[in-house]
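A quick write-up on the structure given underneath.
Residue numbering restarts at 1 for every chain, and letters A, B, ... go by the order of the sequence lines.
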Amino acid sequence: MTDRNDRWGELLRRANGGDAVAYAEFLTEVAPAIRTIVRGRSGDDSGNEDIVQEVLLAIHAKRHTWRETDPVTPWLYAIARYKTADAFRRLRRGPVQVPIGEHADRLVDEGQGDPTAARDLTRLLGKIDDRSASIVRAVGLEGESAGEVGTRMGMSEGAVRVAYHRAMTRLRHLAAADHEKDEM
Amino acid sequence: MKTEDLIATLAADPAPANGPSLEQRAVTGVAMGAAVSIAVFAAFYGPRPELGDALSDLVSLAKTLLPLFLGAMAGLLALRAARPGASFGMAQRLVWIVPAAVAALLVWAFATTPAAQRLPLFVGHSIHVCLPSILLLSLPILGGLIRALRQGAPVQPARCGALAGLGAAGLATALYSLFCVEDSPLFYGVWYSLGILLVTALGAYLGQRKLRW
């Protein structure tokens, strides 16, 4: 535990100084710990990896909230627990369950990605910024590769992937918020 | 997307963006909010007559100093609450000085006030000014603080928002106390506290809505 804390703290300090190798090592080493936290909450393995990735993105987006003088593991686990709890809360409210029989004719067109398949996706896309929305359309609906979209929009492939992932997270949040409203 | 790919993508951008720290943002946010509150105070309230005399009396001074101290401590705690896993440190103990002092002042005032005057002093004549004013003067500060805290990552957003509300209300109440002429703890110990609690509740509500990430 302390060993981990020291090692991860050292890696993250180097990452803060701009060391990409140390940062990759840090993320690679914390991923299994995050996976354990997610699995502890879900009890099984299905769909966990999406949540692990959400936690990794959250760590990335909020890495400025760690102070180099603080222990890193409490920070890390607090983020992982928060994001995991958040994800499961959303899943519980989850997509509305309807008997399949009534809607069998409408199932044909629906893809696998959850928010992309939502019937009101167009409306949800209207709520996020145009750039993110067009990335989701291109990658999620039209099946373009991140590289192609990147070339077209003047972004690196990696930037497109991160933007896509973030946009999907926001769409899931929006969909969950909508659902919450419906319940009230 | 595979997790290794995501990690490779994120690792391409190792250092967080250089910018003001959470603390600096909070100080800026509070300062801007406080400037608005002070402007409102100057325009519509103004200091009470003989403010200097009043502040030289310990019991009247307490109605300014206690909320000021509460504001500083709660603001500090709100910042800690915006950093995942951070400990609350000394501030979490020191903040209890305020309710303890208020309780002591209330007991003292109750004991030393003649029975016939207790009720009039407790009810006072400005509850209808006091409560809305504390709320009004808190709002700009609370807004500035919440805005700054959005850059943080509170794992209990409602708690972080409540602490921000407590902090903003403390500062706003200290400001309002310079206008208020009700100097008995039977009045301010109760009604200031109520106003502060209302803003704290508002902060919790705002935190739940605005500080989730």
**Asked** If you measure only the distance, is there a donor-acceptor pair under 3.5 Å linking the side chains of Ser177(B) and Tyr192(B)?
**Response** no
**Item:** Structural part of Pro154(B) lying under 4.5 Å from a heavy atom of chain A
**Value:** backbone
**Asked** Can a salt bridge be assigned to the pair Glu182(B) and Arg48(B) using a cut-off of 4.0 Å between side-chain N and carboxylate O?
**Response** no
**Request:** Counting only heavy atoms closer than 4.5 Å, note whether His60(A) contacts chain B via side chain, backbone, both or neither.
**Result:** side chain
**Arg212(B)/Asp86(A) salt bridge by N-O under 4.0 Å criterion** = yes
**Complete:** Note: Pro84(B) and Ala153(B) closest approach over all heavy atoms is CG-O, 3.4 Å
**Request:** Check each atom of Leu10(B) against the heavy atoms of chain A and say whether the ones under 4.5 Å are side chain, backbone, both or neither.
**Result:** both
**Asked** Trp8(A) and Ala33(A): which non-hydrogen atoms are nearest, and at how many Å?
**Response** CH2-CB, 3.9 Å
**N-O pairing of Glu54(A) and Arg90(A) below 4.0 Å** = yes
**Fill in**
From the list Gly17(A), Ala20(A), Ala58(A), the residue making the most non-hydrogen contacts under 4.5 Å with chain B is Ala20(A)
**Asked** Non-hydrogen atoms of chain B under 4.5 Å away: do they reach the side chain of Arg13(A), the backbone, both or neither?
**Response** neither
**Message:** I'd like to verify something: which residue of Arg67(A), Lys83(A), Arg81(A) has the highest number of heavy-atom pairs under 4.5 Å with chain B?
**Reply:** Arg67(A)
**Complete:** One option among Asp19(A), Val52(A), Val21(A), Val72(A) has the most heavy-atom pairs under 4.5 Å with chain B, and it is Asp19(A)
